[in-house]
Amino acid sequence: MEWDCLYQMQKDLDKYIENNQSLGGREVFEEKCLALMVEVGELANETRCFKFWSKKPRNNHYRILEEYVDGIHFILSLGLEKGYQYSSREVKNPDRSETAQFNKVFQACTSFHQHPAQEEYEQLFASYLQLGSVLGFKEEEVQQAYIKKNEVNYVRQEEGY
Ligand SMILES: O=c1ccn([C@H]2C[C@H](O)[C@@H](COP(=O)(O)OP(=O)(O)OP(=O)(O)O)O2)c(=O)[nH]1
């Protein structure tokens, strides 16, 4: 997957949002860390993987993918905030349950929040890609879904969202 291209798209979107919301260079690292964790929670809710008390089925593949790429947006954006860029490498399916992998991602989010260094960033990104693999997403469809949501984010800003 071409992460370089996605970082550039994210940079443009972040700048557009910053201007549109008149942030004036305001520091939003804390907000983006929380936003990422909220997105991961929303994603877990769509899969319902942890709801051992319920028989209601999970949402469909595409709805879950849409939610997944919101997290990709915030992870790219956090990398741009701190000047880190994840470079492509092979992602191995971790052979963990969805629930176990969600917990790994949350752990990686809090580690990065507490110590926002390159190594923690790489681990955060890798754990999120592994989550994608556990959820059954192919790299190509993640990229396509990212591009689609990136466009939607511009439209939402234009609509005064
Ligand atoms: O600086 C930013 C801020 C936001 N986003 C993107 C990430 C994500 O794709 C979207 C926010 O998520 P969502 O669309 O779920 O927004 P929401 O406000 O949580 O939506 P809703 O009110 O529909 O739940 O905006 C960025 O890329 N950069």
Side-chain angles (χ1 to χ4, degrees), residues 1-51 56 58-88 91 98 101-102 105-106 108-114 116 118 120-161:
M1 185 187 281
E2 283 306 320
W3 291 112
D4 287 6
C5 172
L6 270 56
Y7 273 105
Q8 189 54 53
M9 290 181 72
Q10 188 63 46
K11 194 174 186 174
D12 295 343
L13 174 61
D14 285 353
K15 195 77 213 157
Y16 189 85
I17 293 174
E18 189 188 327
N19 292 336
N20 198 44
Q21 301 293 342
S22 309
L23 295 185
R26 191 185 122 199
E27 176 64 62
V28 286
F29 176 74
E30 288 292 312
E31 284 83 351
K32 286 180 182 176
C33 283
L34 177 58
L36 173 59
M37 288 193 278
V38 170
E39 292 298 348
V40 177
E42 286 178 359
L43 176 62
N45 259 340
E46 295 293 342
T47 70
R48 305 181 66 81
C49 65
F50 60 98
K51 300 200 176 198
K56 233 172 107 178
R58 65 202 279 122
N59 223 319
N60 74 61
H61 182 86
Y62 299 100
R63 181 68 205 96
I64 296 172
L65 179 59
E66 274 173 13
E67 206 64 57
Y68 179 78
V69 297
D70 283 331
I72 293 279
H73 276 77
F74 283 117
I75 292 174
L76 292 171
S77 191
L78 283 165
L80 292 164
E81 287 277 335
K82 294 293 172 189
Y84 309 139
Q85 195 160 327
Y86 179 82
S87 41
S88 222
V91 178
E98 290 181 354
Q101 192 60 34
F102 271 110
V105 170
F106 274 115
C109 288
T110 50
S111 292
F112 178 68
H113 177 233
Q114 275 168 12
Q118 173 95 37
E120 281 74 8
Y121 182 70
E122 299 272 340
Q123 279 180 6
L124 172 61
F125 211 128
S127 71
Y128 199 71
L129 292 180
Q130 286 183 328
L131 176 62
S133 167
V134 171
L135 293 174
F137 302 140
K138 298 206 168 46
E139 287 200 355
E140 179 62 21
E141 64 177 340
V142 168
Q143 189 174 26
Q144 290 311 315
Y146 172 87
I147 292 168
K148 207 168 140 194
K149 181 62 193 268
N150 188 286
E151 283 167 14
V152 169
N153 281 325
Y154 280 100
V155 175
R156 287 195 177 169
Q157 290 294 313
E158 279 155 26
E159 286 170 345
Y161 161 82

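Counting starts at 1 for both ligands and their atoms, following the listed order. These numbers were taken from a predicted model, which means no experiment stands behind them. All residue numbers in this chain count up from 1 along the given sequence.
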Enquirer: Look at atom 8 (C) of ligand 1 and say which protein heavy atom is nearest, naming residue and atom and giving the distance to 0.1 Å.
Expert: D70 OD1, 3.3 Å
Enquirer: Is the closest heavy atom of E67 to ligand 1 under 4.0 Å?
Expert: no
Enquirer: Does any N or O of ligand 1 fall below 3.5 Å from an N or O anywhere on S77, backbone included?
Expert: no
Enquirer: What are the atoms of ligand 1, with element, lying closer than 4.0 Å to any heavy atom of Q10?
Expert: 26 (C), 27 (O), 28 (N)
Enquirer: Below 4.0 Å, non-hydrogen atoms only: which portion of E18 touches ligand 1? Side chain, backbone, both or neither.
Expert: neither
Enquirer: Hey, which atoms in ligand 1 end up nearer than 4.0 Å to a heavy atom of I17?
Expert: 2 (C), 3 (C), 4 (C), 5 (N), 26 (C), 28 (N)
Enquirer: Answer yes or no: is there a side-chain heavy-atom contact under 4.5 Å between Y121 and K82?
Expert: no
Enquirer: Would you say atom 17 (P) of ligand 1 has a protein heavy atom nearer than 4.0 Å?
Expert: yes
Enquirer: Output the list of atoms in ligand 1 that are nearer than 4.0 Å to some heavy atom of L13, sorted by atom number.
Expert: 27 (O)
Enquirer: Flag the pair E66 and R63 as a salt bridge only when some basic side-chain nitrogen lies within less than 4.0 angstrom of an acidic carboxylate oxygen.
Expert: yes
Enquirer: Is E39 close enough to touch ligand 1? Criterion: a residue heavy atom under 4.0 Å from a ligand atom.
Expert: yes
Enquirer: Side-chain polar contacts of residues 40-49 - donor-acceptor pairs under 3.5 angstrom, sequence neighbours left out - could you list them?
Expert:
| from | atom 1 | to | atom 2 | distance (Å) |
| --- | --- | --- | --- | --- |
| N45 | OD1 | K51 | NZ | 3.4 |
| E46 | OE1 | N59 | ND2 | 2.7 |
| T47 | OG1 | A44 | O | 2.8 |
| T47 | OG1 | C49 | N | 3.1 |
| R48 | NE | K56 | O | 3.4 |
| R48 | NH2 | S54 | OG | 2.9 |

Enquirer: Looking only at protein heavy atoms, identify the closest one to atom 28 (N) of ligand 1 and say how far it is in Å.
Expert: D14 OD1, 2.8 Å
Enquirer: Closest heavy-atom contact between N150 and Q10?
Expert: ND2-N, 4.3 Å
Enquirer: Quick one: do Y86 and Y7 satisfy ring-ring contact (aromatic ring centres under 6.0 Å, His included)? Show the steps, please.
Expert: CA-CA 9 Å; Y86 179 82; Y7 273 105; 8.3 Å; no
Enquirer: Output, in order, the C-alpha distance, side-chain angles, deciding distance and verdict of ring-ring contact (aromatic ring centres under 6.0 Å, His included) for F102 and F50.
Expert: CA-CA 9 Å; F102 271 110; F50 60 98; 7.8 Å; no
Enquirer: Among all protein heavy atoms in this structure, tell me which lies nearest to atom 21 (P) of ligand 1, with the distance rounded to 0.1 Å.
Expert: Y161 OH, 3.7 Å
Enquirer: For a side-chain contact (heavy atoms from CB on, under 4.5 Å) check, start with the C-alpha distance between F112 and Y84, then their side-chain angles and the critical distance, and finish with the verdict.
Expert: CA-CA 12 Å; F112 178 68; Y84 309 139; 4.1 Å; yes
Enquirer: Which residue from F74, Y154, Y146 reaches closest to atom 11 (C) of ligand 1 through any of its heavy atoms?
Expert: F74
Enquirer: Is the backbone of L129 close enough, under 3.5 Å, to the side chain of S133 for a donor and an acceptor to pair up by distance?
Expert: no
Enquirer: Any idea which protein heavy atom is nearest atom 24 (O) of ligand 1, and the distance to it?
Expert: E42 OE2, 4.7 Å
Enquirer: How close does the nearest protein non-hydrogen atom get to atom 10 (C) of ligand 1, and which residue and atom is it?
Expert: N153 OD1, 3.4 Å
Enquirer: So that I can tick it off, tell me whether R26 and E31 are bridged by a salt bridge, with the cut-off set at under 4.0 angstrom between side-chain N and carboxylate O.
Expert: yes
